[in-house]
Amino acid sequence: MSLWFSCPRRVFCFLLCLLPLALRAQEVPPELGAIAGEEDLHPAPPKRELRGFWVATVANIDWPNQRGEAPEHYRREYRRLLDAGQRAGLNAVFVQIRPASDAFYKSDLEPWSKYLTGRQGKAPGENDDPLPFLIAEAHRHNMEFHAWFNPYRATMDTVTRALAPLHPYKRHPEWFIKYTSQYLYNPGLPEVRTHIKRVIMDVVRRYDIDGVHFDDYFYPYPEPGVVFHDEQAFQRYNPDNLGLADWRRQNVNTLIRDLHDSLRLAKRWVKFGISPFGVWMNKSADPNGSDTRAGQPSYSNLYADSRLWLQRGWVDYILPQLYWSTKFRLVPYATLLEWWTRNHFQRHLYVGHGTYRMLESTRSDTAWRNPSELPRQVRLNRSYPADVQGSVFFSAKSLATNPLHTTDSLREDAYRAPALVPVMPWLDSLAPRPVREMVLKRQGRTATLTWQPDLVPAADGDLAAYYVLYRFERGQVMGPNDPRRILSVVRPSSLAQPGTYTDTTATPGVAYAYYLTAVDRLHNESMPVRIFSEGKFAVEVLAAAPAATAPAASAAAGPPTSATRPGRPQPPVATAPRPQPRPAAPSAQETTKVKVKEKPRRRGFFARLFGSK
């Protein structure tokens, strides 16, 4: 050491060698680089994951809070539920719009629900139709809207004199069977299947829903000593001479198949999914069943053959209700989850979680009192990344009340990063075209991005439904596969509408790269348009656009070919902004940077990482 400092020239040379490192440290703030690097060492959460909750309206479980409220009141309550879901990181809502052969929407086929207005058949105040609002508000919260129908439940009691004149019981009492303390449709009657399908397809055609959803109620859960009297239908409508159990399953299968076919013809983008009782069959009764000891398997007791529906492709997703804990010995969560991962037959598998059980004082499944139970279940789901595509929670109110702080746990950990809804390639696998142009104006801590959508549809006729904006810093792995880099999901109020987003978290002097992708309503994502901002000027104005693409063929032109598919976007060429959108002109005191790339230059830091030429 003494030898080093005995020679001033050597000390000077040593310090001179350190100078580039010092300059580089100033170029990238150490705290940002360190944070980004440490985060990238951990596996990214899934970018594609359905996260939803059920909003039950029967008996006003979740919404509305009271019957007969004014529209502004039940709208406010619904917004609060969606706000809570959005804060928790959810991207889908399943709203019960037909709880008992009644309607939460205007219908000429069935009466207004008493759970909405206080008396069946009575219209809401101001002649309001809630359903368009429910759908629009879900979309505004970046959530899919699944319309939840109970196909066979007709009443919740046996007081038929209280039914409205429009209720089908008043016109066709022969369609119904009294079972315990309620009336149910008779699934064995062809007229019943026709009516149910007609009711559902009426909603599909008139409203902009994203999915049709059934729960676990098909034939009723058996009660000791109570018989479901469908003997006459069994004798009259059984041309194949099936046994009673097989005949009942055939009746349900026929409804599922026919409804699937009708949906595909009417609106190809409307999904169809079912949430059955969690156990299809116990292994002790069927070798294809799960290693469980459930008391009411859906195949044998409810005549719901969900495994067949998946095999035949009649449903787009299955959402089994796995409301047991990981410690419940008769039906262990992990055992049943593993069975479903082997039996979803390439359709989406979402898991239904019983968050309501954390509010119960049950003694049969006390593991639900442990705040780690729900996060443990979500982690188990994610241990099957190729098979489990998401979670749905029953119900909305139980999630919003944050029992045992588990909603906080989801928001701060498992759902900390946003997620896009998984794609369904059997419905649509073609991405929309990228935005036509994107402009960035950056000044101080504010970076405003505006973009113009491509008004030419993709080869399947789809335009972009929403946009995903990513932001990257130095030290981060760059690419549109890590949801931790999603800055915002922007959904315009209508298709083909220009978009804008203001990033108020930009740090002056820090370089950023922005990715913008276009996404259609079935969540296919385009190639990104990219802008790189160095942040070294008081004002930066940059523009980018994808490479020119061949005109898209119309949807009627048949399957897309290599000539009609949108071309692969090339790295953007930064040019002076076009007239629309026009960034605000800087003042005379500002320094404005407009980057124009006219000839090949040495590839910079962002260009190397993004792969641009």
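Annotation: R268, atom CZ; neighbour count of heavy atoms from other residues, nucleotides and ligands within 6.0 Å is above 12. Around the CZ atom of R119, the shell of radius 6.0 Å holds no more than 12 heavy atoms that belong to other residues, nucleotides or ligands. Applying the 6.0 Å contact sphere to OH of Y207 captures more than 12 heavy atoms from other residues, nucleotides or ligands. The 12-atom threshold is exceeded at NZ of K267, counting heavy atoms of other residues, nucleotides or ligands nearer than 6.0 Å. The local environment of CZ in R79 is crowded, with over 12 non-hydrogen atoms from other residues, nucleotides or ligands closer than 6.0 Å. Within a 6.0 Å sphere centred on CD of E72, heavy atoms belonging to other residues, nucleotides or ligands number more than 12.
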*Would K271 and V212 count as a side-chain contact (heavy atoms from CB on, under 4.5 Å) if you check the C-alpha gap in whole Å, the side-chain angles of each, and the deciding distance to 0.1 Å?*
CA-CA 6 Å; K271 304 172 181 179; V212 168; over 6 Å; no
*asked:* Pair Y74, D128 - check side chain to side chain donor-acceptor pair (under 3.5 Å), show working.
replied: CA-CA 11 Å; Y74 59 65; D128 183 50; 2.5 Å; yes
*Please assess V489 against I486 for the test side-chain contact (heavy atoms from CB on, under 4.5 Å), listing each intermediate value before the final yes or no.*
CA-CA 8 Å; V489 176; I486 294 177; 4.2 Å; yes
_Please evaluate residues N381 and H353 with respect to the criterion side-chain contact (heavy atoms from CB on, under 4.5 Å), reporting the C-alpha separation (whole Å), side-chain torsions for both, the decisive distance (0.1 Å), and the verdict._
CA-CA 11 Å; N381 294 353; H353 300 268; 3.1 Å; yes
*Steps toward salt bridge (Lys or Arg N to Asp or Glu O under 4.0 Å) verdict (E137, R140)*: CA-CA 5 Å; E137 199 66 19; R140 191 177 70 83; 2.4 Å; yes
*Where do L265 and M201 land on the side-chain contact (heavy atoms from CB on, under 4.5 Å) test, with the steps shown first?*
CA-CA 11 Å; L265 291 173; M201 294 308 300; over 6 Å; no
*asked:* Please evaluate residues Q120 and D102 with respect to the criterion side chain to side chain donor-acceptor pair (under 3.5 Å), reporting the C-alpha separation (whole Å), side-chain torsions for both, the decisive distance (0.1 Å), and the verdict.
replied: CA-CA 8 Å; Q120 190 178 91; D102 51 2; 4.5 Å; no
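Across V270 and L263, no two heavy atoms sit closer than the pair CG1-CD2, 4.1 Å. Of all heavy-atom pairs spanning M143 and G85, the tightest one is CE-C, 3.7 Å. For the residue pair A138 and Y78, the shortest heavy atom distance occurs at CB-OH, 4.1 Å. Annotation for R474 and A511: closest pair NH1-CB, 3.2 Å, computed over non-hydrogen atoms. The heavy-atom pair separating A164 from G121 by the smallest distance is CB-CA, 3.8 Å. Between S526 and T517, the closest heavy-atom pair is O-CG2, 3.5 Å.
A ring-centre distance under 6.0 Å is found for H348 and W426. For F104 and Y115, the gap between ring centers reaches or exceeds 6.0 Å. The six-membered or imidazole ring of H523 lies near that of Y466, with a centre-to-centre distance under 6.0 Å.
When side chains are defined from C-beta on, K47 counts as touching E525, because their heavy atoms get closer than 4.5 Å. When side chains are defined from C-beta on, L50 does not count as touching Q389, because their heavy atoms never get closer than 4.5 Å. With a 4.5 Å cut-off on side-chain heavy atoms, L81 and V93 do not count as touching. Taking 4.5 Å as the limit, every side-chain heavy atom of N142 sits out of range of all side-chain heavy atoms of N91. No side-chain heavy atom of T57 sits under 4.5 Å from any side-chain heavy atom of I97. The closest side-chain heavy-atom distance from R87 to T407 is not below 4.5 Å. For the pair L487 and Y501, the minimum side-chain heavy-atom distance is below 4.5 Å. The closest side-chain heavy-atom distance from I256 to F214 is below 4.5 Å.
Side-chain N or O atoms of R485 include none that pairs as donor or acceptor with a backbone N or O of Q476 at under 3.5 Å. In this structure a side-chain-to-backbone donor-acceptor pair under 3.5 Å is present from R98 to N150. Side-chain atoms of D316 come within 3.5 Å of backbone atoms of F272 as a donor-acceptor pair (strictly under, hydrogens ignored). In this structure, the side chain of R48 engages the main chain of V421 through a donor-acceptor pair within 3.5 Å. Remark: the backbone N or O of D428 is paired with a side-chain donor or acceptor of N524 at under 3.5 angstrom. With hydrogens and angles disregarded, a donor-acceptor distance shorter than 3.5 Å links the side chain of R382 to the backbone of A414. Put simply, the side chain of D408 never gets that close to the backbone of N402: no donor and acceptor are under 3.5 Å apart. Checked by atom type and distance alone, the side chain of R347 pairs as donor or acceptor with a backbone atom of V315 at under 3.5 Å.
For the atom pair L469 CG and M438 CE, the distance stands at 7.0 Å (nearest 0.5 Å). Expressed to the nearest 0.5 Å, how far CG of D462 lies from CZ of R433 amounts to 13.0 Å. In this structure, CG on L255 lies 13.0 Å from NE2 on H260, to the nearest 0.5 angstrom. Expressed to the nearest 0.5 Å, how far OH of Y514 lies from OH of Y470 amounts to 15.5 Å. Atom-to-atom distance recorded for W63:CH2 and E69:CD is 9.0 Å, nearest 0.5 angstrom. Interatomic distance, I135 CD1 to E144 CD, rounded to the nearest 0.5 Å: 12.5 Å.
A salt bridge between R521 and D208 is present, with a side-chain N of the basic residue lying under 4.0 Å from a carboxylate O of the acidic one.
Taking the six-membered ring where tryptophan is involved, the planes of H213 and W54 are tilted, since the angle between them lies from 30° to 60°. Relative orientation of the Y317 and Y350 rings is tilted, given thresholds of 30° and 60° on the angle between their planes.
In summary, the side chains of D503 and Y512 do not present any donor paired with an acceptor at a separation below 3.5 Å, with no hydrogens or angles considered. If you check the side chains of H139 and D210, you find a donor sitting under 3.5 Å from an acceptor. A donor-acceptor contact under 3.5 angstrom links the side chains of E110 and H195, judged on distance only. One side chain, R471 or T505, offers a donor N or O that lies under 3.5 Å from an acceptor on the other.
F133 carries R75 over the face of its six-membered ring, with the cationic atom under 6.0 Å from the centre and within 45° of the normal.
Evaluation of the side chain to side chain contact (heavy atoms under 4.5 Å, CB included) rule for A56 yields I61, D62, Q96, W148, F394 as partners, not counting sequence neighbours. W309 is linked by a side chain to side chain donor-acceptor pair (under 3.5 Å) to N253, counting only residues two or more places apart in sequence or in another chain.
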